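We name chains A, B, ... by the order of the sequence lines, and we start the count at 1 in each one. Here the structure is a predicted model, which is why all the values come from computation and not from measurement.
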There are 2 protein chains.
Amino acid sequence: MEAREKIFQAADRLFSVNGFDATTTREIAEASNTNKALIHYHFTSKRGLYQAILDRYFDNLSETLQGVLVKNGATGDRLAAVIEAYVNFLANNRSYALIVQREITGGAGRERIIEHMIHNFQMIITALRDAYPESDYRNIDAEQLLISFYGMIITYFTYSDVIERLLKSDPLSRANLAKRKEHVLMMADAVLKAAG
Amino acid sequence: MEAREKIFQAADRLFSVNGFDATTTREIAEASNTNKALIHYHFTSKRGLYQAILDRYFDNLSETLQGVLVKNGATGDRLAAVIEAYVNFLANNRSYALIVQREITGGAGRERIIEHMIHNFQMIITALRDAYPESDYRNIDAEQLLISFYGMIITYFTYSDVIERLLKSDPLSRANLAKRKEHVLMMADAVLKAAG
DNA sequence: ATCTATGTTGACCGCCCGGTTAATGTGATA
DNA sequence: TATCACATTAACCGGGCGGTCAACATAGAT
């Protein structure tokens with residue numbers, strides 16, 4: 001693997017575990033078996049490297065969501081599809097939830113992340129609203145619903161160490177992930193039934 | 001106000017906005033109109049100050065939850081009471097959500113926070129389980145339910161800047177907080193009805 | 001074989017951080 | 001008013017940080 005990619009992957013791991021400030025360029029260089037100066041050569045600065053990591057995640061996530069949302073279907077189906085996609089994305093990109101959650105609570109790159117977030121959220125809200133005639137689900141506030149399901153999902157990943165001790169088994173195991181997905185889908189079903 | 005308390009409050013604000021690492025003792029001293037060395041005199045170290053802040057929050061939260069959970073009642077009522085208490089606590093202690101959320105994703109004081117968290121969570125789970133005979137709600141997994149509602153609630157506060165741009169109004173205004181509370185309570189109602 | 005663009009290295013720099021210390025201020029007690 | 005414990009201050013310190021740079025390695029093109 002080339003140095004650039006080795007740095008990228010080591011940094012992704014270190015940033016997600018320890019955060020931006022607590023990760024030093026010396027650590028990244030050591031963990032990737034490269035040289036500290038190469039970080040600046042390939043990414044201009046420590047921040048530039050961080051941004052590159054964030055950008056890659058957001059590109060992947062946006063693409064994933066767009067792929068799911070183009071399909072038509074009833075409200076329940078669309079909501080279920082988004083839930084599926086989000087859970088799968090977080091399960092397959094475990095650094096993402098940690099980095100985003102930490103950044104949104106006050107990192108220096110906050111504004112950029114918020115922009116991406118708003119974009120994705122509005123895309124989802126529009127898709128949900130378009131799915132049903134005004135008469136149905138008129139009691140459901142799409143924004144509130146989105147916040148709720150987003151919170152349900154991402155919290156499971158950012159709190160995985162707490163949850164591990166609650167469940168007394170690995171929350172990120174295949175079986176437990178399936179259980180979580182099932183639970184969230186059940187919640188979606190329940191709220192749509194209650195309001196429909 | 002004495003220096004100790006001035007430092008405490010300035011630090012609470014700065015830590016919650018910028019995080020532990022990005023906040024310097026010099027900033028804290030300046031913001032509190034005191035002297036940098038006083039931080040070490042009153043709190044031993046920067047970390048000690050941080051711990052003192054965390055400890056105060058956790059004491060308050062534990063007390064609040066215990067006050068709510070001693071009351072008897074049906075499952076729905078207990079869940080509603082916890083939701084109420086949590087939303088009110090987060091609304092009245094706005095630094096708390098930011099600090100905890102950032103810390104749980106990888107701060108140095110993580111272990112201690114997890115301990116508190118587990119304790120509170122188990123207290124809530126026990127109270128919920130005790131509320132209903134095994135036969136009812138047997139399809140609801142109390143742990144999953146807790147994670148879901150906790151996530152719904154705390155995300156609203158940690159993502160308040162994102163939500164502000166979604167709602168185009170202040171998420172922490174009295175009216176919007178009431179709306180959020182109502183939504184979460186509606187979700188609780190829906191899921192209990194669906195499973196009951 | 002030579003040139004050139006790209007990649008890589010270790011040594012170095014200045015800054016700012018958390019923490020320490022010795023001197024000084026302050027106010028209750030006797 | 002002398003005492004004494006506690007509170008406050010400015011100056012200082014060593015260390016580790018992000019970033020820079022001049023020298024060197026490598027390999028494809030000519």
Side-chain angles (χ1 to χ4, degrees), chain A residues 1-56 95 98-99 102-103 105-113, chain B residues 1-56 95 98-99 102-103 105-113:
Chain A
M1 202 191 318
E2 323 113 14
R4 199 191 137 95
E5 189 61 21
K6 285 202 291 183
I7 290 171
F8 193 97
Q9 294 188 12
D12 173 75
R13 211 195 80 244
L14 288 169
F15 282 144
S16 76
V17 173
N18 300 321
F20 179 80
D21 291 326
T23 301
T24 69
T25 52
R26 283 166 178 83
E27 279 180 302
I28 295 170
E30 192 182 354
S32 59
N33 275 314
T34 61
N35 188 280
K36 184 168 76 73
L38 273 181
I39 294 171
H40 300 87
Y41 178 77
H42 285 297
F43 300 97
T44 310
S45 68
K46 186 186 172 190
R47 266 245 109 71
L49 168 55
Y50 195 58
Q51 280 300 349
I53 291 172
L54 291 177
D55 285 347
R56 186 187 282 188
S95 300
L98 291 173
I99 290 178
R102 199 183 294 114
E103 201 66 24
T105 56
R110 212 157 140 278
E111 277 310 315
R112 195 139 151 202
I113 292 204
Chain B
M1 203 191 316
E2 323 112 15
R4 200 191 136 93
E5 189 60 22
K6 286 201 291 183
I7 289 171
F8 193 97
Q9 293 188 13
D12 172 75
R13 211 195 80 243
L14 288 169
F15 283 144
S16 75
V17 173
N18 300 322
F20 180 79
D21 291 327
T23 301
T24 69
T25 52
R26 283 167 179 82
E27 278 181 303
I28 296 170
E30 192 181 356
S32 58
N33 274 314
T34 61
N35 189 281
K36 185 168 77 72
L38 276 179
I39 293 172
H40 300 87
Y41 178 76
H42 285 295
F43 299 96
T44 310
S45 68
K46 186 187 172 189
R47 267 243 107 73
L49 169 55
Y50 195 59
Q51 280 300 348
I53 292 172
L54 290 177
D55 286 347
R56 187 187 282 188
S95 299
L98 291 172
I99 290 177
R102 200 183 293 113
E103 201 66 24
T105 55
R110 212 157 142 277
E111 277 310 314
R112 194 138 153 204
I113 291 203

Integer-rounded Å distance: [N] [atom2] and [X] [atom1]:
X: A/Ile7; N: C/dT8; atom1: CD1; atom2: C1'; answer: 10 Å
X: B/Leu14; N: C/dC17; atom1: CG; atom2: P; answer: 13 Å
X: B/Leu38; N: C/dT20; atom1: CG; atom2: P; answer: 14 Å
X: B/Glu5; N: D/dA7; atom1: CD; atom2: P; answer: 14 Å
X: B/Tyr41; N: D/dA10; atom1: OH; atom2: C1'; answer: 17 Å
X: B/Leu49; N: C/dG19; atom1: CG; atom2: P; answer: 10 Å
X: B/Ile39; N: D/dT9; atom1: CD1; atom2: C1'; answer: 13 Å

**Prompt:** Would you say B/Ser32's side chain and B/Ile28's backbone share a donor-acceptor pair under 3.5 angstrom?
**Reply:**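 Flag set: sc B/Ser32 to bb B/Ile28 pair under 3.5 Å.
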**Message:** Side chains of A/Val17 and A/Thr23, heavy atoms from C-beta outward: is any pair under 4.5 Å?
**Reply:**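 SC-SC contact between A/Val17 and A/Thr23 ruled out.
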**Asked** Does a donor on one side chain sit under 3.5 Å from an acceptor on the other, for A/Ser95 and A/Asp12?
**Response** yes
Each nucleotide N or O in nucleotides 13-20 of chain D that has a protein N or O under 3.5 Å away: list the pair and distance.
residue : atom : partner : partner atom : Å
D/dG18  : OP1  : A/Thr23 : O            : 3.4
D/dG18  : OP1  : A/Lys46 : NZ           : 2.7
D/dG18  : OP2  : A/Thr25 : N            : 2.9
D/dG18  : OP2  : A/Thr25 : OG1          : 3.0
D/dG18  : N7   : A/Arg26 : NH1          : 3.0
D/dG18  : O6   : A/Arg26 : NH2          : 3.1
D/dG19  : OP2  : A/His40 : NE2          : 3.1
D/dG19  : OP2  : A/Lys46 : N            : 2.9
D/dG19  : N7   : A/Lys36 : NZ           : 2.6
D/dG19  : O6   : A/Lys36 : NZ           : 2.2

**Message:** Rounded at 0.5 Å granularity, tell me how far CD in B/Gln9 sits from CG in B/Leu14.
**Reply:** 12.0 Å
**Message:** Tell me whether B/Arg102 forms a cation-pi arrangement with B/Phe15, defined as NZ or CZ under 6.0 Å from the six-membered ring centre and within 45 degrees of its axis.
**Reply:**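 Ring-cation test returns no.
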**Asked** Distance under 6.0 Å and angle within 45° of the ring axis: does A/Arg4 meet both against A/Tyr41?
**Response** no
**Any A/His42 side-chain nitrogen or oxygen under 4.0 Å from OP1 or OP2 of C/dT8** =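 Result: yes.
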